[in-house]
Amino acid sequence: MKNQTESNDNPSNFIRAIIEKNIRHKLYENKNWGGTPGDKNHHSKGKKDLAKIRTRFPPEPNGYLHIGHAKSIFLNFGLAKDFNGACHLRFDDTNPEKENDEFVNSIIEDVNWLGFDWQFNSESNLFYASDYFELMYTAAKLLIQTGHAYIDQQSADEIKKNRGTLTKPGINSPFRNLSPDENLRLFEEMKDTKHADGSMVLRAKIDMSSPNINLRDPAIYRIKRTTHHRTFNEWCIYPMYTFAHPIEDALEGITHSICTLEFEDQRPFYDWVLEKLLDNKLLSNPLPKQYEFARLNLTYVVLSKRCLVELVEKNYVSGWNDPRMPTLIGSRRRGYTPEGFKLFCERIGVSKADSWIDYSILEDCMREVLNISSHRRIAVLEPLKLVINNLPDDFEEECFVPNHPQNLELGKRTIKLTKELWIEKADFMEEPEKKYFRLFPGNQVRLRYGYVITCTGCEKDKDGNIIKVLCDYLPDTKSGTPGSDSVKVKGNIHWVSTKYALNAEVSLYDRLFKSEHPGLESENYLDDINPNSIKTVKIKLEENLANIKPYDQYQFERHGYFICDQESTSDFIKINRTVTLRDTWK
RNA sequence: UGGGGAGUCGCCAAGCUGGUUAAGGCACAUGGUUUUGAUCCAUGCAUGCGAAGGUUCGAAUCCUUCCUCCCCAGCCA
């Protein structure tokens, strides 16, 4: 068994290096923490922060978490853990339109499922950006009062037109030079529902000719008469992400605000907001710093929220928890494990280079983890009858089977050998192809954990389909008995008794998309959907699986890793294939 | 054509305040073990760091020029 050193020492990455350097320079040595999020005044009354660093995972609760989020979760929570810091779970709910509590709850469950919580020093660091609306409103007024923000009454179209282009500078708004008092009055009116949605917007006053378009007076507050999932109708104005995020980070004492590459251009504004609020004494040093890493791209998978929503809404999949979905909830149902995701995240690393990770890496990680933990069981996926000629009809004999051949401490069980067995269709060939060493007339194989048999032929129906394979068993070759290896065979096939086998249904999954980069070459990623991503078959299980329960996971020997589906019952056993075993034959 | 990033083995990825033979993982190859064609073990696997120049006793690391790819013009995040 492979040792697990890979997961014990943390591979270096640029963010880890930055944190180590920061700690060496005692950057956060005298940071105060008020016990809860708050402004300068609040934290100054607190104590020295016991958390060496603070990171955060800040999802917007408008969808389910997916594998890409797992990368961010392992990064942020992992860093906090390794440096004796805290990682906050923060719901970035600044746009009420698509946010709701269902998503909040699913995110909490998913993060927990991956093995993380937000406790630190007996404090629960679970926060909502919406709890800071009052402080953000105060911050906005501070910017207005100091001449760093103004109310723009241009239409959205006009603002867009006057923003300029990548190569041409923008044009100042005619409302840009309103007095602070006038702006303050208008902003208060905005808040007091005096103005219609879209009629005006609060903008930061920076530089309409900045080469960085994000600095051309970005909008920071808009009017939106939408009920918020937590503040309901208390507010009709909501802060934009670009304005809200640095403030959220600062209020929570975040030291390292880690996000993906597309926010790089936003960093100057992130710092601008914080510096202005530092000047206004709403915030204090040390200010949080933003760092960006490359988001995960997985071949044969789409991770964009827009696509995932469409797959669900247009019924290409059965729901967010369809085992083929890259969501955490779907992965879980598929049988993917937190340990597997951990290994995966360690294996792919963190950097700023755009990259595509092959889906097989993820599958390999799941196999590696499951191989160690999964008990083995026997299942026949494509049953074909095998009859042992030289055994009496009522023959029954117990065979001892280890639950894990590489880890005998996991115990053993028995299965009953009878005259008639189910074997895999693929384990018999009337006319064997080259290098085939399973059953064919005249060949010998071992019935795994039982006897060596010699194939004597087969029977077919009138259409020529093989319906029964015949064989003789060799006495004295039973597994575990002294003379068992007197006959050497290459083939070793699994089986279940036709008399005792259990019926079950298993779903065999393939990738949801047939192209490596869905939507890249075709016009629409939906055209790349794999029409054969799911195949459901009736199978035979060994008798010991009678009490299998939802989420039980096993390796079915010679097949792969399987998990009992959440909808499975004792009357109707339903199983999902997580991933096959590696197969280097052919 | 403006700005911001990135280019190290088939895929990831350390190193990048210049200094022995360019970490590690995955994949692959070849042996070995094996009652899962699985697992496991051993060995091998970049004279090269996007390209070309330059500085230097010495460069993936510094300088110059060039090439390729990604991101930015929501009152989304």
Side-chain angles (χ1 to χ4, degrees), chain A residues 1-2 5-6 9 11-14 17 58-60 62 92 94-95 97-98 152 154-156 159-161 163-170 197-203 209-216 218-224 237-238 240-242 244-245 259-268 292 294 299 305 343 346-358 360-361 364-365 367-368 371-372 376 378 402 404-406 435-438 445-450 452 479-480 484-485 488-494 555-560 580-586:
Chain A
M1 226 165 281
K2 195 174 280 184
T5 55
E6 196 188 341
D9 45 75
S12 173
N13 64 52
F14 75 101
E60 183 186 14
N62 67 349
D92 205 355
T94 56
N95 182 350
E97 249 147 38
K98 294 172 192 157
D152 195 345
Q154 293 182 105
S155 68
I159 289 179
K160 182 177 180 170
K161 198 163 58 196
R163 187 154 21 231
T165 69
L166 295 179
T167 50
K168 279 196 208 101
D197 286 20
S199 62
M200 54 182 66
V201 69
L202 181 68
R203 289 229 256 172
S209 62
S210 170
N212 180 348
I213 291 184
N214 301 293
L215 260 24
R216 318 239 262 232
I220 59 180
Y221 255 99
R222 77 285 215 187
I223 306 171
K224 195 168 277 201
I237 56 170
Y238 293 94
M240 299 284 291
Y241 164 86
T242 51
H245 210 85
C259 61
T260 44
L261 250 27
E262 67 269 27
F263 295 104
E264 274 178 318
D265 290 339
Q266 216 62 247
R267 194 172 60 230
E292 310 86 11
T299 59
K305 197 160 285 177
L343 217 212
E346 286 163 358
R347 196 163 278 182
I348 63 176
V350 176
S351 77
K352 300 191 74 152
D354 296 310
S355 63
W356 281 86
I357 306 295
D358 198 275
S360 64
I361 303 278
D364 260 329
C365 290
R367 278 190 194 103
E368 199 166 314
N371 175 46
I372 294 167
R376 265 106 252 233
I378 294 165
H404 192 129
Q406 279 78 46
K435 290 194 178 171
Y436 184 83
F437 54 64
R438 279 114 91 165
V445 302
R446 176 174 293 278
L447 290 176
R448 192 158 167 75
Y449 307 121
V452 172
S479 293
S484 67
D485 52 2
K488 296 281 183 195
V489 292
K490 277 192 93 173
N492 195 322
I493 67 172
H494 63 275
Q555 182 199 90
F556 290 163
E557 291 195 83
R558 301 212 300 139
H559 282 303
T580 61
L581 251 27
R582 270 166 50 123
D583 186 2
T584 51
W585 189 56
K586 287 184 184 176

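Chain letters run A, B, ... following the sequence lines, proteins first, then strands; residues in each count from 1.
Side-chain atoms of A/N212 come within 3.5 Å of backbone N or O of A/D265 as a donor-acceptor pair. A/R216 places a side-chain N or O within 3.5 Å of a backbone atom of A/R163 that can act as its donor or acceptor partner.
Not a single donor-acceptor pair, N or O on each side, falls under 3.5 Å between the base of B/G37 and the side chain of A/D583. The base of B/U36 lies close enough to the side chain of A/R376 for a donor and an acceptor atom to sit less than 3.5 Å apart. Checked by distance alone, A/R438 brings a side-chain donor or acceptor within 3.5 Å of a matching partner on the base of B/G37. For a distance-only test at 3.5 Å, the side chain of A/R446 qualifies as a donor-acceptor partner of the base of B/U35.
Within the 4.0 angstrom heavy-atom criterion, only backbone atoms of the sugar-phosphate kind lie near A/K160; the bases stay farther away. Looking at heavy-atom distances under 4.0 Å, A/E292 makes no contact with the nucleic acid at all. Here A/R163 lies in heavy-atom contact (under 4.0 Å) with sugar-phosphate atoms only. Using a 4.0 Å heavy-atom cutoff across all strands shown, A/D358 reaches no nucleic acid atom at all. Here A/P169 lies out of heavy-atom contact (under 4.0 Å) with every strand. Residue contacts for A/I348: at a heavy-atom cut-off of 4.0 Å it reaches the sugar-phosphate backbone alone, with no base atom in range.
The aromatic ring of A/Y241 does not stack onto the base of B/A77, failing the criterion of a centre distance under 5.5 Å from the six-membered base ring together with planes under 30° apart.
Under the 4.0 Å criterion applied to side-chain N and carboxylate O atoms, A/K305 and A/E60 are not assigned as salt-bridge partners.
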Worksheet item: Where do A/S360 and A/D358 land on the side chain to side chain donor-acceptor pair (under 3.5 Å) test, with the steps shown first?
Response: CA-CA 5 Å; A/S360 64; A/D358 198 275; 2.8 Å; yes
